[in-house]
Amino acid sequence: MKKDKAVQANQQLLQAIPKVDEFLGWVDEECRAPLRLVKKAVRQVLAEVRQAILAGAEQSEAALTRQALMPLFEKRLTALMSPCFRTVINGTGVVVHTNMGRSLLPESAMAGLLAAGGRYSNLEFDLRTGKRGSRYSLVEELLCELTGAEAGLVVNNNAAAVLLCLDTLAKEREAIVSRGQLVEIGGSFRIPDVMQKSGARLVEVGATNRTHFYDYEQAITEETALLLKVHTSNYKMIGFTSEVPLEELVALGRQRNIVVMEDLGSGSLVDLSRFGLAREPTVQEVVKAGADVVTFSGDKLLGGPQAGLIVGRADIINRIKKNPLNRALRIDKFTLAGLEAVFRLYLDEAAALAGIPTLAMLSMDYAAIKKKASRLLRLLKKAGDLPCRVASVDTESRVGGGALPEQGLPSRAVALKPTSVSLNGLESALRSGPIPVIGRIDNDSLLLDMRTVADKEVAELAAAIVAVCKELP
Ligand SMILES: *Cc1c(COP(=O)(O)O)cnc(C)c1O
């Protein structure tokens, strides 16, 4: 009997749910949102209350009034109207953060992007001849100037660069790679899989930890088209290890007339070891060592837009340029504009270090980071009582982007220790705010590493934290 009554009440309540048209009549006429989003928000709210009633969580007609439903509607509509692709504050201290857009562009590159987007350009128009030109020629000279290579080419990303090179140079033939270099970069980019896609036959040599010159030498056959070296930038092998230096592979390649390629991954044009980072070969050094083709990313240590850069011997680059696959992997005009601006900064190393955010963040000294942390702390203290204890603490930043995985850079963070909610609750609240703030949980605090927070973001970050804290219980 009792249960029947409940079911009946439930039915009555379900029938009392307002109809879509009735709900629409409640919406302010001044509402500027597109009608389809308004309707979508209404349907979402109605579905939500129906669910709640069916689940027994909602048992009163009071929940179905305009007064009760409109705030739910506003919230849904705001969510539907907010851009999906948004700015966030990166407090993780990971400089080249692949999930947060990798490299930030210098001002000059941003200006280039704006112009390329809003105005016509000579993208594929030769201003000297008045005839059709090539988009690649616009940055090739600078790329060669900076790397010392004879020729160069730019494609969509480094994964595309590797695929295009293998497809051009080793399709249906053999490419020799050390077992210690068959890496996975992430996002399902694995060297053996890319090889397969390109139609090159992978010939693995050596052992996981050690590969010798004679391993390559003995694996060479009539079918060998390529000796491929992959820079293992995203993991480190320690202990009993050895790999064959590029110079020796180059000598072997020359002797047997086989192309030598190096995938540098996060290629850098400046030696960052003077900023306390581990010594990594620069692109220029790899070119100078005689690699016939070198590939690297545009948006890792280079600090530019997403792109894959290919440099090397002119005859080989010409073959790559002519590959029809190149057309499918080509860069857009925004990339070109951004890349040229970044290359121009590299013409003067001091300008590059100061003007390219990735380099500026990696080379930023501890004192400057500490100052930013103090500023944030002061702003937070000024805001009065917060449900968090705040402090400035030492931490370590990371390079990211699969480069120098073990390397920590001494840095300073603002640590937030919530007093009224759990640490995960605070982390999630900050992540869900109007400007999402992403930090790193470390023991009992949420750390905001100030290396990756720009000077001009500090006040915004303080305001975001205060706003989120005010909403906490
Ligand atoms: C990152 C990386 C790639 C892929 O580069 P994307 O620009 O991300 O496509 C390829 N090879 C190596 C060694 C890498 O580190």
Side-chain angles (χ1 to χ4, degrees), residues 94-105 139 143 147 152-167 169-170 175 177-198 200 202 211 226-237 243 246 249 260-269 272 277-278 280-283 285-286 291 293-312 320 325-326 328-332 334-336 338-339 342 358 362 398-407:
V94 179
V95 177
V96 183
H97 201 304
T98 294
N99 305 141
M100 294 182 203
R102 282 198 183 159
S103 282
L104 309 185
L105 294 179
V139 287
L143 185 54
T147 60
L153 172 70
V154 187
V155 291
N156 181 61
N157 58 11
N158 190 37
V162 174
L163 176 69
L164 182 62
C165 290
L166 291 173
D167 185 271
L169 303 170
V177 191
S178 157
R179 288 203 168 86
Q181 296 170 4
L182 293 174
V183 296
E184 174 178 307
I185 312 303
S188 80
F189 181 90
R190 285 181 175 170
I191 291 293
D193 300 343
V194 178
M195 285 242 167
Q196 203 178 18
K197 275 277 171 232
S198 74
L202 168 65
T211 303
L226 193 69
L227 303 179
L228 173 64
K229 187 173 164 71
V230 182
H231 189 64
T232 54
S233 48
N234 65 351
Y235 82 110
K236 198 174 169 108
M237 257 194 316
E243 56 174 28
L246 178 64
L249 282 187
V260 176
M261 166 174 161
E262 172 146 11
D263 172 22
L264 254 185
S266 189
S268 177
L269 291 175
L272 294 167
L277 289 160
E280 290 268 306
T282 61
V283 180
E285 283 163 354
V286 173
V293 200
V294 185
T295 57
F296 56 104
S297 266
D299 56 354
K300 290 186 182 171
L301 285 179
L302 193 82
Q306 178 192 305
L309 295 91
I310 309 173
V311 296
I320 297 172
L325 193 54
N326 185 14
L329 304 174
R330 81 175 182 191
I331 47 166
D332 69 358
F334 299 108
T335 308
L336 262 176
L339 211 50
V342 170
T358 299
L362 288 174
R398 299 271 150 192
V399 178
L404 306 165
E406 281 198 312
Q407 183 98 45

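When a ligand or atom number is given, it counts from 1 through the structure's own listing order. Just so it is clear, the structure is predicted and the values come from calculations on it, not from any experiment.
Of all protein heavy atoms, the one lying nearest to atom 5 (O) of ligand 1 is Asn158 CB, 3.0 Å. Annotation: atom 9 (O) of ligand 1 to nearest protein heavy atom, Ala159 N, 2.9 Å. Nearest protein heavy-atom neighbour of atom 1 (C) of ligand 1: Lys300 NZ, 1.3 Å. Annotation: atom 7 (O) of ligand 1 to nearest protein heavy atom, Ser297 OG, 2.4 Å.
Residue contacts with ligand 1: Glu184 is excluded, as none of its non-hydrogen atoms falls under 4.0 Å. Not a single heavy atom of Gln306 lies less than 4.0 angstrom from ligand 1. For Asp263, the heavy-atom gap to ligand 1 drops under 4.0 angstrom.
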Original post:
Can you list the steps and then say if Leu153 with Val311 is a side-chain contact (heavy atoms from CB on, under 4.5 Å)?
Top reply: CA-CA 6 Å; Leu153 172 70; Val311 296; over 6 Å; no
Subject >> Pair Arg190-Glu184, salt bridge (charged side-chain N to carboxylate O under 4.0 Å, His left out): steps then yes or no >> reply: CA-CA 4 Å; Arg190 285 181 175 170; Glu184 174 178 307; 2.4 Å; yes
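Side-chain atoms of Ser297 never come within 3.5 Å of backbone atoms of Lys300 as a donor-acceptor pair (strictly under, hydrogens ignored). Checking side-chain atoms of Gln306 against main-chain N and O of Asn156 turns up a donor-acceptor pair under 3.5 Å. The backbone N or O of Ser268 sits nowhere less than 3.5 Å from a side-chain atom of Thr282 that would complete a donor-acceptor pair.
A 4.5 Å side-chain heavy-atom check between Pro281 and His231 finds at least one atom pair inside the cut-off.
Not a single N or O atom of Asp299, backbone or side chain, sits closer than 3.5 Å to an N or O atom of ligand 1.
For ligand 1, the atoms closer than 4.0 angstrom to any heavy atom of His231 are 13 (C).
Checking Thr358 against Ser103 by side-chain atom types alone, a donor-acceptor pair falls below 3.5 Å.
The part of Arg102 lying near ligand 1 is the side chain, judged by heavy-atom distances below 4.0 Å.
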